[in-house]
Every structure is written in structure tokens, then in C-alpha cells.
Amino acid sequence: MSNEWPSLVLVTGATGFIGANIVDSLLSRGLRVRGTTRSLKKGELMRQARPQYASQLEFVQIGDISQVGAFDHVMEGVDAVIHTASPVTYDVKDNEKELILPAINGVKSILRACNLPGTKVRRLVITSSFAAVLDVEKNNILGPDFTYTGEHWNPITYEESIDPKASPVVAYRGGKKYAELAAWDFIAKEKPPFDLVTLCPPMVFGRIVHPISDPSELNESNSNLWKIAQGSDPLPEARVPGWINVKNLAEAHAEALLRPEAGGKRYVLASTEPFTYEAAADIIKEEFPWARDIVTKNYISGKEPLAKYKYDGARVAQELGITFTSFRETVVDLIKQVKELSSGRKS
Ligand code: NDP
């Protein structure tokens, strides 16, 4: 890929937790970024918070990505795309409508937009999820030496994921799987002029850089850590032992976009240090005197993460040039930031 490329990177979900961190990683590398958002007001707040990047950053409004075609009007001049937009919530009434269709149609929409006549996109990076990789049924039989890699897919069928009796967690896993599969199928069948990279992180925690005015607006994964600081009893359920710091993940997206050799790859990227919510509670108590009497007492302190299986994280980090931030630093950074936000102070 030539030195002039990319001249304009489209980041979808740019006013979300991971998307905004990706925007910052790209801006700090001197790249021009167009972010998509459903709220231009949020986009404007992000621009105002980055006056030094005023000439590099713009926002465009999109509607609901359940509608295929949602990105057709935002492609002018774009030659690289990072697609993060997808619903991340388990507070839904209709799994298919609120979780599965936006995930799948969002990917179909970005593929269609990248392939519109006249567009010059050369690479599309998609934020998939470890949810598209994990085989929950095998959790207790794989053993600590088994490593999940980009070769693995969860075995959920489409019918299982849209079953109204399925939990939102199962629906999310199905939505992310069939969204990502739609992208790889498109590349195989249509042979478009752009290539594809997908990233499949497990839990993502860390500093928020998108505009929120209250802790109640925290994204799903970070809200689990804040709930612990607020005394959540019981602790949130850790469905996987893997996690990654959001800044490390944002760097990985930028590297996946810019490194020619990443084209066509699917990365399972997790810190080599597993986590538990018990460890998060310990860290919060140790680091924040104000939290000592608030954090729930009803948990096993010092609980070691159960090594059910491994992630391909160390190899992928080396391939993409990423260094992992520790869980302690990540928790402290976020809790400090949200505490300041809740007390009306900006960090
Ligand atoms: P956020 O909820 O913070 O961000 C989600 C983004 O998607 C927002 O920018 C939102 O737009 C956009 N979006 C959601 N639903 C729609 C919709 N129906 N129509 C248009 N836009 C929509 O979540 P994260 O940043 O955590 O997640 C980003 C990506 O990372 C997702 O693809 C998710 O599956 C993946 N992921 C997240 C993990 C995590 O632990 N956080 C773990 C693994 C993968 P707007 O800003 O306009 O509201």
C-alpha cells in the first residue's frame, strides 16, 4: 500500500467507546478521520474536545444500521474503513430486531458502501467479537492448553440465535457471528477491490474518550467495573476470562488497517493476563479509599482466574506491535475517571 494511503478513514460507531478510542489512535498518527454517529451533537462534542485535530476530524450522521444502505451517503473521498458500530447491550425486548439485525445489516451496509461504484476503499477492518469465536459448550472440556485463534467460530445456528426463548447473550453471540460471516462470504464471492481484517476481542475495558455526561451512560463492559465500585452484589458474571485495554485494542485496529500483511486475517486479541471481577473489586478497594466501604463484601477476595483455555493474544500482539496494559492500571484509570465524572468534575 502506497505512502499516500489512506487519505480519509471512515470510522463507524465513532461516538461509541471503542470507536472513539480508534478515532484518537488514527488522529495521533496524523490521519484524517470521518466518524459516523447517530447524534451530530455527540460528534460536535468530540470535535470540541480535540481542538488540535479540528482540520483532521469530521462527523456525518447516519440512521439505524438495521436499514441496509445506512452508509451509502458517507463514502465520498473515503479510502479506508473501520467498522465498529453494532449494538452492545443485553437490555433488549426483541433480540432479533434490537441485536441481531443491526449487527448483520450494519456489516452488510458497510460492505455495500465500500463496494459502491466510484469508491476507492482498499481495506475494511471490522470489530467482530470473541463472542463469534467462543464455543461455550466446550468451556469445561478444552483444558488450559487449548488456544482460541482466528480459526475458531462459535457453533450457534442462526435459528438458535433468533429463537425468542434465547437469552440476549446467545442472541448477541449469534448476531456477531453471522455479521462477521457475512463479511468473509462477501469477500470470497464478490472479490471486491478491498480486503478485510477482523478483530475478535473478548471483554474491553478502559478509559472513555467519547462524550458521556453521567455514569449511567457508560458502555456495557465498563459499566460492570463501575457497578462493582458502587457495591454491585452479586458481582457481575464474568462469562470469559479474557479482556483487553481499549487503547491497546484501538492501536490494534490502526495497525490492522495500516499493515499490508494484515489483509485477509482474523485476529483473536486478548491480554495475556486473565481477569476476574473479584480481582477488579480487590483493586478498587486497594486503590480508592472512598470505595472501601462501598464495594461488595460478598465475594472471594484474591480469587485467581480459572485458566479454562488460552487466547492467541501474545502472538497477535507481536504481529500487530501491541503492548498490553495491566488490568490494575486499566481498572484504576477508568474508576478514577468515572468517579470524577460522577462528582461533576471532568478529568
Ligand atoms: P458502544 O455501545 O459504546 O458503541 C456502539 C456504537 O455502535 C455506538 O457508536 C453506536 O452509535 C453504534 N450503534 C449501535 N447500534 C446502532 C444502530 N442500531 N444503528 C446505528 N449505530 C448503532 O459499544 P462498544 O464501543 O463497546 O462496541 C463497539 C464494537 O465493539 C461493537 O461492534 C461490539 O460488538 C464490539 N465489541 C465490544 C466489546 C466490549 O467489551 N465493549 C467486546 C467485543 C467486541 P451512536 O454512538 O450513534 O449511539
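Here the structure is a predicted model, which means the values were calculated and not measured. Just so you know, ligand 1 is whichever comes first in the structure, and atom 1 is the first atom listed for that ligand. Numbers for residues simply follow the sequence, beginning at 1.
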Engineer: Kindly confirm or rule out an N or O of Ile18 lying under 3.5 angstrom from an N or O of ligand 1.
Structural biologist: yes
Engineer: State whether Arg259 and Glu319 are salt-bridged, where the test is any N-O pair (Lys NZ or Arg NE/NH1/NH2 against Asp/Glu carboxylate O) under 4.0 Å.
Structural biologist: no
Engineer: Run the salt-bridge test on Lys176 and Glu180 with the 4.0 Å N-O cut-off and return the result as yes or no.
Structural biologist: no
Engineer: Hey, is NZ on Lys165 packed in by over 12 heavy atoms from elsewhere, all under 6.0 Å?
Structural biologist: no
Engineer: With a 4.0 Å cut-off on N to O distance, would you call Arg122 and Asp195 a salt bridge?
Structural biologist: no
Engineer: Can Cys200 be said to touch ligand 1, with heavy atoms closer than 4.0 Å?
Structural biologist: no
Engineer: Does Arg292 come within less than 4.0 Å of Glu286, counting only side-chain N to carboxylate O?
Structural biologist: no
Engineer: Decide whether an N or O pair under 3.5 Å exists between Ile65 and ligand 1.
Structural biologist: yes
Engineer: Which bit of Ser221 is near ligand 1, meaning a heavy atom under 4.0 Å away: side chain, backbone, both or neither?
Structural biologist: side chain
Engineer: Could Lys97 and Asp94 be called an ion pair, given the rule that one side-chain N must be under 4.0 Å from one carboxylate O?
Structural biologist: no
Engineer: Which of the atoms in ligand 1, numbered in the order shown and given with their element, are less than 4.0 Å from a heavy-atom of Gly63?
Structural biologist: 19 (N), 20 (C)
Engineer: If the cut-off is 4.0 Å to any non-hydrogen atom of Asp64, which atoms of ligand 1 fall inside it?
Structural biologist: 17 (C), 18 (N), 19 (N)
Engineer: Between Glu255 and Arg29, does any side-chain N to carboxylate O distance fall below 4.0 Å?
Structural biologist: yes
Engineer: Considering Thr84, Asn219, Thr15, which one's heavy-atom position lies nearest to atom 29 (C) of ligand 1?
Structural biologist: Thr84
Engineer: Answer yes when Asp24 and Arg50 have at least one side-chain N-carboxylate O distance shorter than 4.0 Å, and no when they do not.
Structural biologist: yes
Engineer: For a quick check under 3.5 Å, do Asp214 and Ser216 share a side-chain donor-acceptor pair by atom type?
Structural biologist: yes
Engineer: Go through ligand 1 atom by atom and flag the ones less than 4.0 Å from a non-hydrogen atom of Ser128.
Structural biologist: 35 (C), 44 (C)
Engineer: Judged on heavy-atom distance to atom 32 (O) of ligand 1, which of Lys176, His210, Glu180 sits nearest?
Structural biologist: Lys176
Engineer: Test your reading of the structure: does Val88 have an N or O sitting under 3.5 Å from an N or O of ligand 1?
Structural biologist: no
Engineer: What atoms of ligand 1 come within less than 4.0 Å of a heavy atom belonging to Tyr172?
Structural biologist: 33 (C), 34 (O), 36 (N), 44 (C)
Engineer: State the atoms of ligand 1, each with its element, that fall below the 4.0 Å cut-off from a heavy-atom position in Gly13.
Structural biologist: 9 (O)
Engineer: Assess Gly106 for proximity to ligand 1: is some non-hydrogen atom of it under 4.0 Å away?
Structural biologist: no
Engineer: Taking distance alone, with no angle check, do Val204 and ligand 1 share an N/O pair under 3.5 Å?
Structural biologist: yes
Engineer: Can you find an N or O of Arg38 that's nearer than 3.5 Å to an N or O of ligand 1?
Structural biologist: yes
Engineer: Measure the distances from the heavy atoms of Glu220 to every atom of ligand 1 and state whether one is below 4.0 angstrom.
Structural biologist: no
Engineer: Work out whether the distance between some heavy atom of Ser66 and some atom of ligand 1 is less than 4.0 Å.
Structural biologist: no
Engineer: Do Gly16 and ligand 1 have an N or O pair less than 3.5 Å apart?
Structural biologist: yes
